[in-house]
2 protein chains.
Amino acid sequence: MGTTQLESVPEPKYWHLKTVLTEALDSEFSVGEILPNERDLAARFGVARATLRQALEQLELEGRLQRRRGVGTTVAPPRMGVAVGSEEHIWPSAADDAWQSTDCTVALPPAAVADLLETERDEKVHTVRRSRVTHGQPVAAELLYIPASSVPDLSAIDAPSGTARARAVIRELQHLELEGQDQAVELGSVSAEDAKELDRLPGAPVLVVTTRFYADARTAAVSVATYRADTCRLTFGATGGVEIHHDPERHAS
Amino acid sequence: MGTTQLESVPEPKYWHLKTVLTEALDSEFSVGEILPNERDLAARFGVARATLRQALEQLELEGRLQRRRGVGTTVAPPRMGVAVGSEEHIWPSAADDAWQSTDCTVALPPAAVADLLETERDEKVHTVRRSRVTHGQPVAAELLYIPASSVPDLSAIDAPSGTARARAVIRELQHLELEGQDQAVELGSVSAEDAKELDRLPGAPVLVVTTRFYADARTAAVSVATYRADTCRLTFGATGGVEIHHDPERHAS
């Protein structure tokens with residue numbers, strides 16, 4: 001792959017370089033392998049360091065490369081499919097090993113969350129902090145907002161905060177019968193607090209999943225979960241695999 | 001907001017600056033307004049240009065700011081909710097105004113798509129190019145891969161390529177009865193070709209939605225759709241709004 005070829009294409013140079021690099025990753029490198037340094041790579045492909053860096057950034061966005069301080073640039077393993085869309089994976093359950101509750105406070109939610117909960121903007125709500133671990137890796141940090149009206153019997157419990165309180169709140173929430181949920185996924189950047197938990201640098205791109213849970217014909221809770229965008233592919237449908245359900249009334253033609 | 005305050009916090013400087021800027025955006029600026037230039041902003045908040053730029057990049061990732069060549073940095077409107085998860089929004093239909101078919105070719109799909117389709121890697125498939133427009137804005141560019149076995153009666157149609165062919169393929173696909181679908185959402189970077197269609201610079205972050213459609217107990221088609229991450233929030237559940245469905249067998253406690 002000489003300089004000539006890279007210069008003769010109409011696409012931005014780094015874009016073509018990215019394609020060439022992708023092919024090299026597929027054919028010459030294995031997962032976890034450390035790439036040569038930027039100087040050597042730039043020389044090999046006959047491009048400026050700035051062009052190389054742009055291409056590496058793209059490949060990092062696409063989950064092909066990982067750049068870690070003190071390690072260098074390595075070939076990333078394929079992204080993990082993390083089930084998000086089905087109730088069993090997100091409706092808080094005390095028996096769910098994937099999610100661990102780490103804290104619980106009573107606090108004012110962000111205005112956007114208050115609007116979803118249909119609570120007053122000055123109304124404090126239970127805020128459970130949970131983290132999700134898949135295959136031994138932290139994949140998501142979540143804040144779960146629960147208005148007092150969703151856990152009316154909670155006052156009997158005396159743990160004021162922390163893990164015990166979180167478990168108590170979730171146990172109470174379980175008494176509601178979940179009627180449905182809707183979700184939104186959008187791009188975000190990871191906060192300093194979540195970054196530590198997810199082993200990322202603050203500001204790294206993340207996928208933010210906002211879930212609204214319905215019970216008793218109203219919003220019972222809202223979850224805002226921050227998923228690592230570098231290692232996760234969020235799946236919707238039955239456990240990320242094949243989902244086939246028959247419903248003859250739909251799309252009969 | 002002076003220099004002192006920014007220096008006294010343990011978070012990265014640009015992160016705190018981001019919070020301060022967010023408050024300023026909420027209180028002082030309206031949607032579409034052009035921000036002062038970087039030099040003036042850096043002076044106002046008492047930070048280096050590099051710090052300011054990092055904070056602006058974060059805010060762009062979060063959809064609060066738009067940076068456009070020749071315009072400068074403007075305050076972004078709230079992201080649009082774009083319904084993705086329900087069949088009516090993604091199963092190709094000739095009557096759907098949101099999606100426009102622009103081309104159709106017969107080509108080798110990417111290896112990953114061939115694996116999902118369970119076709120041989122050297123088997124060419126119909127590849128329909130569609131684009132999705134919401135509120136007059138391009139929001140997604142899609143490639144829809146359809147193996148010949150899913151449209152067995154297609155040979156009777158003589159349009160070899162282009163829009164007419166695309167419509168013919170989709171009409172044939174409609175004869176299948178959709179049995180289910182599963183989806184995955186992940187971070188990606190926009191290709192040069194899609195970038196033009198989506199009015200983005202190549203390499204900008206995008207949300208890539210891969211949908212597998214099932215019919216006749218096998219994969220009938222695979223869609224790979226690239227959504228603008230700056231303007232879109234992908235919604236799952238009934239038309240992005242309230243979805244309440246009763247199913248007394250689930251989560252009865």
Side-chain angles (χ1 to χ4, degrees), chain A residues 10-12 14-15 18 54 57-59 61-63 79 81 84-85 87 91 174-189 191-192 201-203 205-207 210 212 214 217 219 229-230 232-238 240-248 250-253, chain B residues 10-12 14-15 18 54 57-59 61-63 79 81 84-85 87 91 174-189 191-192 201-203 205-207 210 212 214 217 219 229-230 232-238 240-248 250-253:
Chain A
E11 297 167 328
Y14 72 86
W15 189 265
K18 202 198 75 170
Q54 275 187 295
E57 272 169 30
Q58 301 308 317
L59 288 168
L61 265 188
E62 293 171 22
R79 284 176 172 159
V84 167
E87 175 187 322
W91 178 237
Q174 283 286 302
H175 292 160
L176 293 176
E177 188 184 307
L178 184 66
E179 287 164 350
Q181 63 198 41
D182 60 31
Q183 296 187 295
V185 179
E186 63 189 309
L187 183 63
S189 66
S191 70
L201 292 178
V206 285
L207 298 170
T210 305
R212 190 149 49 144
Y214 300 101
T219 305
D230 57 333
C232 296
R233 199 166 38 84
L234 308 182
T235 65
F236 295 81
V242 178
E243 179 190 40
I244 297 190
H245 51 81
H246 288 266
D247 184 342
R250 283 149 99 192
H251 272 269
S253 59
Chain B
E11 297 166 329
Y14 71 87
W15 189 265
K18 203 198 74 171
Q54 274 186 297
E57 273 170 29
Q58 299 308 316
L59 288 167
L61 267 188
E62 293 171 21
R79 284 175 171 160
V84 167
E87 176 187 322
W91 178 238
Q174 283 285 302
H175 292 160
L176 293 176
E177 186 185 309
L178 185 64
E179 288 162 351
Q181 63 198 41
D182 61 32
Q183 296 187 298
V185 179
E186 63 190 309
L187 183 64
S189 66
S191 71
L201 292 178
V206 285
L207 297 169
T210 305
R212 191 150 46 147
Y214 300 101
T219 305
D230 56 333
C232 296
R233 197 165 40 84
L234 308 182
T235 65
F236 296 80
V242 178
E243 179 190 39
I244 297 192
H245 50 80
H246 289 265
D247 184 343
R250 282 149 98 193
H251 271 271
S253 59

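Chain letters run A, B, ... following the sequence lines, proteins first and then strands; every chain starts at 1. What you see is a predicted model, and the numbers here were worked out from it, not measured in a lab.
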Smallest heavy-atom separation, A:Arg233 atom then B:Ala184 atom, equals NH1-CB, 3.6 Å
If you take all heavy atoms of A:Val185 and B:Phe236, which pair is closest and at what distance?
CG2-CE1, 3.8 Å
Going by heavy atoms in the side chains, are A:Leu187 and B:Leu187 under 4.5 Å from each other?
yes
Check A:Ser189 against B:Lys18 and note the closest heavy-atom contact, atom names and distance.
OG-NZ, 3.9 Å
Option that, when pairs with chain A are counted at under 4.5 Å, heavy atom only, ranks first among B:Arg79, B:Glu57, B:Gln54
B:Arg79
So, the part of A:Ser191 with a heavy atom under 4.5 Å from chain B: the answer is both
Contact origin within A:Leu61 toward chain B - heavy atom pairs under 4.5 Å:
both
